[in-house]
There are 2 protein chains.
Amino acid sequence: MSRKKAPKSVVKRLPVYLRILDNLIRRDVEIISSRVLSDETGFTAEQIRKDLAYFGAFGTRGTGYNTSYLREKLLRIIGLDKQTKIIVIGFGHLGKALTRYNMNKNPYVKIVGAFDNDPNELHTDIEGLQVYSMDKLSEVIQKEDVKVAILTVPAEVAQQVVDILVENGITAILNFAPTKLHTPEGVYVHNADLTIELQSLIYYSQEDEGRALKE
Amino acid sequence: MSRKKAPKSVVKRLPVYLRILDNLIRRDVEIISSRVLSDETGFTAEQIRKDLAYFGAFGTRGTGYNTSYLREKLLRIIGLDKQTKIIVIGFGHLGKALTRYNMNKNPYVKIVGAFDNDPNELHTDIEGLQVYSMDKLSEVIQKEDVKVAILTVPAEVAQQVVDILVENGITAILNFAPTKLHTPEGVYVHNADLTIELQSLIYYSQEDEGRALKE
DNA sequence: CTGATTTTGTGAAATGTAAAACTATATTCA
DNA sequence: TGAATATAGTTTTACATTTCACAAAATCAG
């Protein structure tokens with residue numbers, strides 16, 4: 001039976017389920033119900049079951065889900081069953097912090113290179129990390145067959161860098177540059193614009209949301 | 001005439017409009033149509049008009065929007081007409097990078113303090129920034145009357161820190177800790193979980209999204 | 001000044017997403 | 001063994017958001 005394409009909102013929840021499963025397995029929990037997953041994640045049990053149903057039937061009625069089995073399935077669905085190669089472009093403070101973060105906390109990905117224009121940034125104290133000058137970008141992407149890039153360059157040069165990325169086969173970009181990127185069909189961009197996150201947060205920080213009303 | 005509460009999706013777009021307006025004003029553009037705003041933002045013109053309609057009628061039919069006027073209105077709606085005080089909790093690499101980023105790029109906010117447990121992190125080369133030990137948290141929040149916090153502490157201590165934040169009147173949290181936070185009604189949490197962003201990106205990086213289908 | 005044009009603002013329709021209700025299947029225990 | 005219980009999977013309903021279509025208002029051309 002054929003299923004519909006999973007909406008973005010569903011895909012965003014899969015890594016949350018995965019993380020919870022990792023925690024449960026570490027605590028030797030073998031079976032978990034959608035009800036308990038609901039408590040752990042904050043999503044409703046119905047939603048969790050529905051989300052998983054986009055990809056198959058992984059549970060046992062009357063019992064629940066086997067944590068290890070469901071984890072394996074999720075890894076495969078998300079695409080983490082094989083290690084994903086990633087590059088970081090823009091190696092300022094943010095780029096460095098993100099690189100460190102992922103190398104320490106994210107076993108499913110491997111950062112195969114960082115890139116910066118500024119020669120001062122071309123050496124690093126991060127162990128096992130190759131830092132290249134920007135003109136090595138095409139070469140490394142092709143040689144390592146990289147599909148995913150994290151972008152932390154200044155807004156002014158972001159589009160120009162993205163054009164190179166796309167040209168060399170990058171298909172997904174996590175964009176921290178505060179600008180809209182233009183990409184062809186088939187290249188997925190997720191904007192992680194910290195200024196926008198913060199500003200929308202400030203909206204909600206004000207008790208007087210009544211300013212949104214007029215009479 | 002009374003308007004409905006603006007949905008989250010609308011609030012998330014307001015800062016995008018604001019950024020475009022800032023750029024236009026810098027280029028001395030005085031009038032802008034929803035059509036051109038659409039080109040700049042990637043959102044449809046209808047959506048932009050509808051978004052703005054949640055808060056009032058700011059344009060002139062037949063002409064468009066006055067950039068300076070709309071900017072003033074948006075600043076007021078978002079809550080950026082007065083400078084917002086912010087604290088950063090967790091002053092590791094990510095906390096430092098975010099602090100620097102906001103101090104350099106975000107004129108609408110002021111970071112009034114950073115906090116960390118580790119004494120090594122309590123001095124900084126960031127000019128004009130106060131770094132405190134964690135036990136000063138309550139005191140500073142109350143003295144400065146802070147409402148917004150950026151959280152970059154380890155997952156294990158995140159909830160415990162959040163409890164202190166809430167207790168002292170913080171109403172909005174930008175959470176980078178990879179864990180679900182429990183907060184009372186009225187406290188807004190935005191999760192900026194970089195691992196989850198990256199993993200959902202990897203899902204889309206795979207040409208074969210057909211794995212989402214079964215036959 | 002009048003008709004054509006532009007562009008906003010808004011009610012209605014369509015779409016997408018989440019929640020609820022229901023059905024099917026497995027387990028447990030008397 | 002079989003009734004009661006638990007829980008996944010599916011269908012239906014409700015809700016939220018976006019898109020569409022058009023009326024209202026301003027501008028412009030002659």
Side-chain angles (χ1 to χ4, degrees), chain A residues 1-14 16-17 20-21 24 29-71 73-74 77 200 209 212-215, chain B residues 1-14 16-17 20-21 24 29-67 69-71 73-74 77 200 212-215:
Chain A
M1 170 247 297
S2 178
R3 286 158 202 282
K4 281 200 323 204
K5 186 162 166 290
K8 283 202 190 89
S9 50
V10 172
V11 174
K12 281 287 280 289
R13 286 191 290 268
L14 300 179
V16 179
Y17 304 148
I20 301 293
L21 289 170
L24 290 168
V29 178
E30 292 183 1
I31 300 290
I32 188 86
S33 69
S34 60
R35 176 64 48 196
V36 178
L37 269 176
S38 168
D39 296 340
E40 299 274 346
T41 59
F43 307 125
T44 68
E46 297 85 343
Q47 187 167 56
I48 293 169
R49 295 202 299 274
K50 190 115 205 272
D51 285 355
L52 297 176
Y54 277 101
F55 306 99
F58 307 125
T60 310
R61 297 177 192 214
T63 308
Y65 300 91
N66 177 292
T67 51
S68 299
Y69 179 74
L70 183 56
R71 173 174 174 276
K73 289 297 182 185
L74 280 174
I77 292 164
S200 55
E209 269 173 52
L213 298 166
K214 277 178 47 172
E215 57 272 280
Chain B
M1 171 245 299
S2 177
R3 286 159 203 279
K4 281 199 324 204
K5 186 163 166 289
K8 283 202 188 87
S9 50
V10 171
V11 173
K12 280 287 280 289
R13 286 191 290 267
L14 300 179
V16 179
Y17 303 148
I20 301 294
L21 289 170
L24 290 168
V29 178
E30 290 182 2
I31 299 290
I32 188 86
S33 70
S34 59
R35 176 63 47 197
V36 178
L37 269 176
S38 168
D39 296 340
E40 299 274 344
T41 59
F43 308 123
T44 68
E46 299 86 337
Q47 187 168 54
I48 293 169
R49 294 202 300 274
K50 201 119 221 244
D51 284 355
L52 297 175
Y54 277 100
F55 306 99
F58 307 125
T60 310
R61 297 179 190 213
T63 308
Y65 300 91
N66 178 294
T67 51
Y69 179 74
L70 184 55
R71 174 174 173 275
K73 288 297 182 184
L74 280 175
I77 291 163
S200 56
L213 297 167
K214 277 178 46 171
E215 56 274 277

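Chain letters run A, B, ... following the sequence lines, proteins first, then strands; residues in each count from 1.
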B/S9 side-chain N/O to D/dT18 phosphate OP1/OP2 under 4.0 Å:
yes
Distance, rounded to the nearest Å, where A/K73 contributes NZ and D/dG9 contributes C1'
16 Å
Euclidean distance, A/I32 CD1 relative to A/Y17 OH, rounded to 0.5 Å:
13.0 Å
Can a side chain N or O of A/S34 be found less than 4.0 Å away from OP1 or OP2 on D/dA8?
yes
Check the phosphate of C/dT17 against A/R13, side-chain N and O only, distance under 4.0 Å to OP1 or OP2. Yes or no?
no
A/I48 and A/S38, any side-chain heavy atoms less than 4.5 Å apart:
yes
Between A/T60 and B/G62, which has a closest nucleotide on DNA chain C that is more 5'?
B/G62
To the nearest Å, how far apart are B/I31 CD1 and D/dA26 C1'?
12 Å
Heavy-atom side-chain proximity of A/I77 to A/F58 below 4.5 angstrom
yes
Just how far, in rounded Å, is P of D/dT18 from CG of B/L52?
13 Å
Given atom CZ of A/R61 and atom C1' of C/dT28, what is their separation to the nearest angstrom?
18 Å
Residue-level proximity of residues 40-51 of chain A to DNA chain D when a heavy atom falls under 4.0 Å:
A/R49, A/K50
Do any side-chain nitrogens or oxygens of A/Y65 fall under 4.0 Å of OP1 or OP2 in D/dG9?
yes
Could you tell me the separation between the CZ atom of B/R35 and the C1' atom of D/dT19, rounded to a whole number of Å?
12 Å
Run the side chain to side chain contact (heavy atoms under 4.5 Å, CB included) test on A/L14 and A/F55 for me, step by step, so that the C-alpha distance in whole Å, both residues' side-chain angles and the decisive distance to 0.1 Å come before the verdict.
CA-CA 11 Å; A/L14 300 179; A/F55 306 99; 3.8 Å; yes
Separation of D/dA6 atom P from A/L37 atom CG, nearest Å, is 18 Å
Sole candidate of B/R71, B/E30, B/R49, B/K73 that passes side-chain contact (heavy atoms from CB on, under 4.5 Å) when paired with B/Y65
B/R49
With a 4.5 Å heavy-atom cut-off, do A/D51 and A/F43 have their side chains touching?
no
Is there a side-chain contact between A/I31 and A/T67, using heavy atoms and a 4.5 Å cut-off?
no
Please report, rounded to the nearest Å, how far the P atom of C/dT7 is from the CG atom of B/D39.
12 Å
Between C1' of C/dT8 and CG of B/N66, the distance in whole Å
15 Å
